[in-house]
There are 2 protein chains.
Amino acid sequence: MASKVTIIEVAKEAGVGTSTVSRVLNAQSVSNEKRQAVLHAIRKLNYRPNLMARNLRTNVSKICGLVIPDICNSFFGQIAGAAGAILEKQGYELIIANTGQKTEKQNDAMQTMVSRQVDGIMLCAIGGKADVANQINKDDCPIVVIDNKLERMEDLDSVMVDNVKSAYSLTEHLCMIGYRRIAIITGPLEQSSALERLTGYRRALADYNLQLDEEMIKEADFTIRGGRDAVSSLLYKKPDAIVAANNHLAIGAITEIRKSGFEVPDDIAVVGFDDTEVGELIDPPLTIMSQPAVEIGETAARLLLHRICNENETIPSQERVLPARLIVRSSCGFYKKLGQIV
Amino acid sequence: MASKVTIIEVAKEAGVGTSTVSRVLNAQSVSNEKRQAVLHAIRKLNYRPNLMARNLRTNVSKICGLVIPDICNSFFGQIAGAAGAILEKQGYELIIANTGQKTEKQNDAMQTMVSRQVDGIMLCAIGGKADVANQINKDDCPIVVIDNKLERMEDLDSVMVDNVKSAYSLTEHLCMIGYRRIAIITGPLEQSSALERLTGYRRALADYNLQLDEEMIKEADFTIRGGRDAVSSLLYKKPDAIVAANNHLAIGAITEIRKSGFEVPDDIAVVGFDDTEVGELIDPPLTIMSQPAVEIGETAARLLLHRICNENETIPSQERVLPARLIVRSSCGFYKKLGQIV
DNA sequence: GACAGTTTTTAAAACGATACCAAAACGACT
DNA sequence: AGTCGTTTTGGTATCGTTTTAAAAACTGTC
């Protein structure tokens, strides 16, 4: 182990005071001669500033936190990547906490981040109470909430997708193609996004004068297994189309439909949400409402930076609602029906 | 903003000295009476220790760094998730740097992490020189190298997949099914994993007495586009099977094969590497060598923790080589040929 | 009730950087 | 050369915690 080299050794080596070294590091005015001496010493000793010490003194860590439920899910991966890229440009680093589907763990993760003196937090929420987030946000560590609302949020910025509208569009698409017995597999309804999507589905059915059948609504967790189970408990209702709340559910649904001897989309159409890329690859290619993950990440990062840089000003909290995009592929049967009509 | 509450305020509130508070925080011996007073004060003031200050004093950050080239890639997502889970159990946190495909950025990321006083680093390398990593590793910050070797690594622990053998098995599988004109789309050959896979391919061809044709070897970057381009410049050789170095390349290959009016696997079989899940979903389901991402992440984390906890002992560097697993699905045509034979 | 031995407690010195302030150096102009 | 104004420089306090070493408070024994 090389003995730790601090600013003091550098100062000695360069024959200057520590404050001069500090000034060089922070690009403040130093005579060219001394600057060169310092830079030379830094290189010679292979000195790296201790950011912990710097942050302790300046009370600025240049770290932002990102709390996500599942890092393997490329939706969150994309958010993380996009947010990280924005932050990096401003000299911030990203620390990611992977919490799973527990609100307490999300809260713990945020608390730890505060202890680590992060300058701000982005929370990909899975629902639950906003108390902890509110408190942290008040205590000078701005929080941006992503994807799901929390109960009783106060003055928190947020970046959401217009889930009601997304689900409405998707269901509407099915209605317009001519499906009449449209079922839905929702995510856990304690999540606002799941609830909102259900609302969009309901509204679309109503607007297209289709009877709503509560038994055509199945709540599931976001797994392939969940999709399969939902479908198998749904088949007796003879749906002609299914709205799945995300890709995993859609994949599970397709699998189970086929296992039961039916075809997608000929017997039952399937449409989904979420990830753009994967939907393209599966069989049949999935018609989806594509979530703008990159845009979400970027928007969240920018909102956060704005808060951090203007911490003394009181800006009213902002809610950004981003649109999802309908991507029509084969699984909804649109192109086939089109062929028949023409 | 609530004024920052420090250990001093807590001490005052509880009517004790700061060291007593510190002792409570660190579970050292304190009389029950004072302990209760301190805990009460902590709750009342909503005190959270400043980990920057603690780390500065103790010279232990309880943070590990993970450097990855692409967080959107679920292979790395899985590694990150698995490693994070192991570290969390030991009270460590994970800070992730997403660097893209540039070795300098990987080095920069590691340097920054050192500045941030991480206790250790896991590097999902993309090749290049080991100088920076060697230096950091010597300077008391252990590094575990993952997935790709670096040039001139000294005393670095590593976790690798047996790429030669993987590629060999995959190619062998194609040979045994009966393919004779087997092409390969490799990744960038400056990466050891890509080179090793090529080696495995070569050996398999040799062992099965197939002529090696250099023009059947195409180097590509790891993109869908890359896969398509490679195939289009390969078709004139009339391959009957293609080994693709990862999923993206495989998907691109399949797309291009179809665009050119051929069928997979009937006209040209395709097999790939990497991700287990996605391969299952695409059309046709992909025969792959599945990379044990979770195991890689866990192994790396454990190696790192071992180094961190035994920093004074000199343990010789370890290289863990994990096996990949052949998963046979439709894209290699095995089941079809089987049907024909039976 | 005093003494030795043990435990609990505290005040003060770190850790490595920056910020503040006063001293030193510089330059230009009488 | 002396004065004034500006820029550059270095000494020192400080950030919030742990650690160290020494004082204080117990404990039990004679």
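This is a predicted model, so every value here is computed, not measured. In what follows, every chain begins at residue 1, and chains take the letters A, B, ... in the order their sequences are listed.
- For residues 25-45 of chain B, proximity to DNA chain C is found at B/S29, B/V30, B/S31, B/K34, defined as any non-hydrogen atom under 4.0 angstrom from a strand atom.
- Residues passing the side-chain hydrogen bond (donor to acceptor under 3.5 Å, both in side chains) test with B/S61 are B/D119, sequence neighbours excluded.
- For A/E319, there are no side-chain hydrogen bond (donor to acceptor under 3.5 Å, both in side chains) partners at least two apart in sequence or on another chain.
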Do any side-chain atoms of residues 141-150 of chain A form donor-acceptor pairs under 3.5 angstrom with protein atoms, and if so which ones, sequence neighbours left out?
unit_1: A/N148; atom_1: OD1; unit_2: A/S192; atom_2: N; d: 3.3
unit_1: A/N148; atom_1: OD1; unit_2: A/S192; atom_2: OG; d: 3.2
unit_1: A/N148; atom_1: OD1; unit_2: A/S193; atom_2: N; d: 2.8
unit_1: A/N148; atom_1: OD1; unit_2: A/S193; atom_2: OG; d: 2.9
unit_1: A/N148; atom_1: ND2; unit_2: A/A125; atom_2: O; d: 3.1
unit_1: A/N148; atom_1: ND2; unit_2: A/Q191; atom_2: OE1; d: 3.4
unit_1: A/K149; atom_1: NZ; unit_2: A/E196; atom_2: OE2; d: 3.1

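- We find that A/R116 and B/E93 are joined by a salt bridge, their nearest charged nitrogen and carboxylate oxygen being less than 4.0 Å apart.
- Listed by first and then second residue, the salt bridge (Lys or Arg N to Asp or Glu O under 4.0 Å) pairs involving residues 64-74 of chain A amount to none (not counting sequence neighbours).
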For residues 84-92 of chain A, tabulate all N or O donor-acceptor pairs below 3.5 Å that involve a side-chain atom, not counting sequence neighbours.
unit_1: A/E88; atom_1: OE2; unit_2: B/K105; atom_2: NZ; d: 3.3

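- Take A/K44 and apply the side-chain hydrogen bond (donor to acceptor under 3.5 Å, both in side chains) test, not counting sequence neighbours, and it matches A/E13.
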Tabulate protein N/O versus nucleotide N/O from nucleotides 11-15 of chain C, keeping only pairs under 3.5 Å, one per line.
unit_1: C/dA11; atom_1: N7; unit_2: B/S19; atom_2: OG; d: 3.4
unit_1: C/dA11; atom_1: N6; unit_2: B/S19; atom_2: OG; d: 3.0
unit_1: C/dA14; atom_1: N3; unit_2: B/R57; atom_2: NH1; d: 2.9

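- Among residues two or more places apart in sequence or in another chain, the side-chain hydrogen bond (donor to acceptor under 3.5 Å, both in side chains) test is passed with B/T6 by B/E9.
- In this structure, of D/dT18, C/dA17, C/dT18, it is C/dA17 that holds the atom nearest to the side chain of A/P49.
- Every pair tested for salt bridge (Lys or Arg N to Asp or Glu O under 4.0 Å) that includes a residue from residues 20-32 of chain B fails, sequence neighbours excluded, so the list is empty.
- Evaluation of the salt bridge (Lys or Arg N to Asp or Glu O under 4.0 Å) test over residues 295-308 of chain A, restricted to residues two or more places apart or in two chains, returns A/D157-A/R307, A/E298-A/R302.
- Computed from C1' positions of five pairs at each end, the angle between the two local axes of the helix from C/dG1-D/dC30 to C/dT30-D/dA1 equals 50°, rounded to 10 degrees.
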